[in-house]
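Heads up: the structure comes next, in structure tokens.
No experiment lies behind these values; they were computed from the predicted model shown. Note that these values count all heavy atoms, side chains included, but never hydrogens, waters or copies made by symmetry.
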Amino acid sequence: MKRKICIITDSRAEYGILKPLVKEIACDNELQLQLVVTGAHLSPEFGLTYKAIEEDGFKIDEKIESTLSSDTPVGITKSMALTLMGCGEVFFRLAPDVIVILGDRYEMVTAAMAAQVLRIPIAHLYGGETTVGAVDEAFRHAITKMSCLHFVSTDQYRKRVIQLGEDPARVYNVGAMGIDNIKTLKLLSREELQNDLGVRFLKKNIIVTFHPVTLENNTTQQQFYNLVSVLEKLDDTAIVFTKTNTDTHGRVINTMIDEFVSRHKDRAWSFLSLGQLRYLSMLKHVDAVVGNSSSGIVEAPSFKIGTINIGDRQKGRLRADSIIDCEPTVCSIQASVERLYTDDFKKKLGMTVNLHGDGNAAKAICRILKEAKLDGIIKKHFFDVEFKCSGDAK
């Protein structure tokens, strides 16, 4: 009997990362792929991106409606409740052998809770990372504690998962799957992007992806306003915005993006969803990723382009030398943009090494999902790590 592997996805960005693994599982004769979609995938406001999954030729087994029209903290908690109820029903009906959960979003922690209660083993992708400025930080570690198999992208992240009490024999450093896409996809040329998206490349080109810093109160609008104030003054620079996901106060950013684009129709464009192919193709042809997205930390270094990482949302992740960290102030963002185009920084970009793997993650994960012994796996024992602490009480 084939082992049933259930993958749940809630957003365009997450599916883009998962796609190489979805392909591997779908093509493996010993595995049965189950696909569950929820969250922004099913929202007209966010582009009904579940259609991209179907266009790729994959069958969606279940859809869980969970996204409400509100992006307030209370609205998000209600969406979590809907996701939890839906996942409980769907996972019970599908009866998978393993549920694959990527990352740290609120939809994913509720999916993990449902799987835990139903006693279905969880394979968690990309625990051990830290994002100090986002509520996702706590969600990620919570998912780690509910999971039985762990796939991480660096040795340091592997050590952190073990530090959380997980069995080292079940924590695998496979690298980041985002790099799999860079390695295998035939990326679009500049001309193809211009024709497909209606954008126009100029002398300088940047892509802006900025999300709310969900562990800070009422900072989103001011931080993005500061970024926009710098963008207003850029000369001969094409700016492509990707809009936010369903995070708290994301609509504030999306409204400000629309207002900026309406003022600068000759050099600014925005998109609800570029999709993985067009997004990665865009990285190939721009000078930098600007904002606070993980793509600027994980994928961008492979293209040897710059990243201007604003504020604390990605604080704690391992960084390549191509990343410029700055405060969410006008002066700091402006100084970072100026540094991006200096000869010294451009020279450094040519020597950039991506710290997150070699592009073979999906094959490794698929093999482990197929071979891992699952009998009794949900009865976990806490793995104690010995610490040597200074200043201990005598």
Side-chain angles (χ1 to χ4, degrees), residues 7-20 22 35-72 75-76 79-80 82-83 86 102-103 105-108 111 136 178 181 185 187-188 192-199 207-212 214 220 224 239-262 265 268-283 286 289 291-296 299:
I7 294 180
I8 181 167
T9 171
D10 69 88
S11 70
R12 67 186 191 262
E14 179 192 66
Y15 169 66
I17 295 170
L18 284 167
K19 186 175 175 180
V22 173
L35 272 179
V36 175
V37 301
T38 188
H41 274 312
L42 304 176
S43 169
E45 181 181 359
F46 295 96
L48 294 173
T49 50
Y50 77 88
K51 293 180 180 179
I53 300 174
E54 295 177 333
E55 289 168 3
D56 286 336
F58 299 117
K59 173 181 171 287
I60 295 173
D61 292 273
E62 296 276 0
K63 297 174 182 175
I64 301 172
E65 297 277 0
S66 64
T67 300
L68 302 178
S69 59
S70 170
D71 65 351
T72 65
I76 296 296
S79 291
M80 292 176 71
L82 289 173
T83 306
L102 183 147
R105 288 185 52 76
Y106 62 82
E107 296 95 338
M108 295 301 101
D136 305 346
N181 283 317
L185 288 176
L187 300 181
L188 303 176
E192 288 172 321
L193 278 174
Q194 289 184 144
N195 293 334
D196 188 19
L197 299 175
V199 303
I207 187 166
V208 177
T209 305
F210 190 94
H211 299 294
T214 49
T220 294
F224 196 68
I239 304 168
V240 175
F241 292 91
T242 62
K243 291 191 173 181
T244 68
N245 48 35
T246 55
D247 281 337
T248 305
H249 303 314
R251 288 179 178 85
V252 172
I253 293 175
N254 289 343
T255 299
M256 295 175 73
I257 289 173
D258 289 339
E259 292 170 352
F260 183 92
V261 171
S262 69
K265 294 180 180 179
W269 300 266
S270 68
F271 300 93
L272 275 175
S273 173
L274 283 174
Q276 197 74 359
L277 174 61
R278 292 186 295 187
Y279 185 80
L280 292 177
S281 298
M282 191 65 70
L283 294 190
V286 298
V289 177
N292 58 10
S293 167
S294 61
S295 63
E299 284 90 2

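Contacts of Q276 classified as side-chain hydrogen bond (donor to acceptor under 3.5 Å, both in side chains), with partners at least two apart in sequence or in another chain: none. Partners of Y279 by side-chain hydrogen bond (donor to acceptor under 3.5 Å, both in side chains), not counting sequence neighbours, listed by chain and number: S295. Take S79 and apply the side-chain contact (heavy atoms from CB on, under 4.5 Å) test, not counting sequence neighbours, and it matches L68, Y106.
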**Item:** Verdict with supporting geometry, V199 and F271, side-chain contact (heavy atoms from CB on, under 4.5 Å)
**Value:** CA-CA 11 Å; V199 303; F271 300 93; 3.8 Å; yes
**Request:** Report the C-alpha separation of Y50 and L48 in whole Å, then their side-chain angles, then the decisive distance to 0.1 Å, and conclude whether the side-chain contact (heavy atoms from CB on, under 4.5 Å) test is met.
**Result:** CA-CA 6 Å; Y50 77 88; L48 294 173; 4.0 Å; yes
**Worked check of side-chain contact (heavy atoms from CB on, under 4.5 Å) between L274 and L197** = CA-CA 9 Å; L274 283 174; L197 299 175; 3.8 Å; yes
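Closest of all the heavy-atom pairs between R105 and D10 is NE-OD1, 3.1 Å. Closest non-hydrogen pair, L193 versus R278, comes out as CD2-O, 4.0 Å. Closest approach of A111 and I8 over heavy atoms only: CB-CD1, 3.9 Å. Pairing each heavy atom of L188 with each of E192, the nearest pair is CA-OE1, 3.3 Å.
Under the side-chain contact (heavy atoms from CB on, under 4.5 Å) rule, K243 has a single partner from T209, D258, I253, which is D258.
Between the R12 side chain and the L272 main chain, a donor and an acceptor come within less than 3.5 Å of each other. In terms of modelled atom types and a separation under 3.5 Å, the side chain of N254 and the main chain of T244 share a donor-acceptor contact.
The distance from atom CG of L283 to atom CG of L187, rounded to the nearest 0.5 Å, is 9.0 Å. The CD1 atom of I257 lies 10.0 Å from the CZ atom of F210; values are rounded to the nearest 0.5 Å. Atoms CD and OG, from E299 and S294 in turn, are 6.5 Å apart once rounded to the nearest 0.5 Å. Considering OG1 of T83 and CD of E107, their distance stands at 5.5 Å, rounded to 0.5 Å. With values rounded to the nearest 0.5 angstrom, K51 atom NZ is found 14.5 Å from D56 atom CG. Taking CD of E55 as the reference point, atom OG1 of T49 lies at 10.5 Å (rounded to 0.5 Å).
Note on ring orientation: taking the six-membered ring where Trp is involved, the planes of Y15 and H41 are perpendicular (angle over 60°, cut-offs 30° and 60°).
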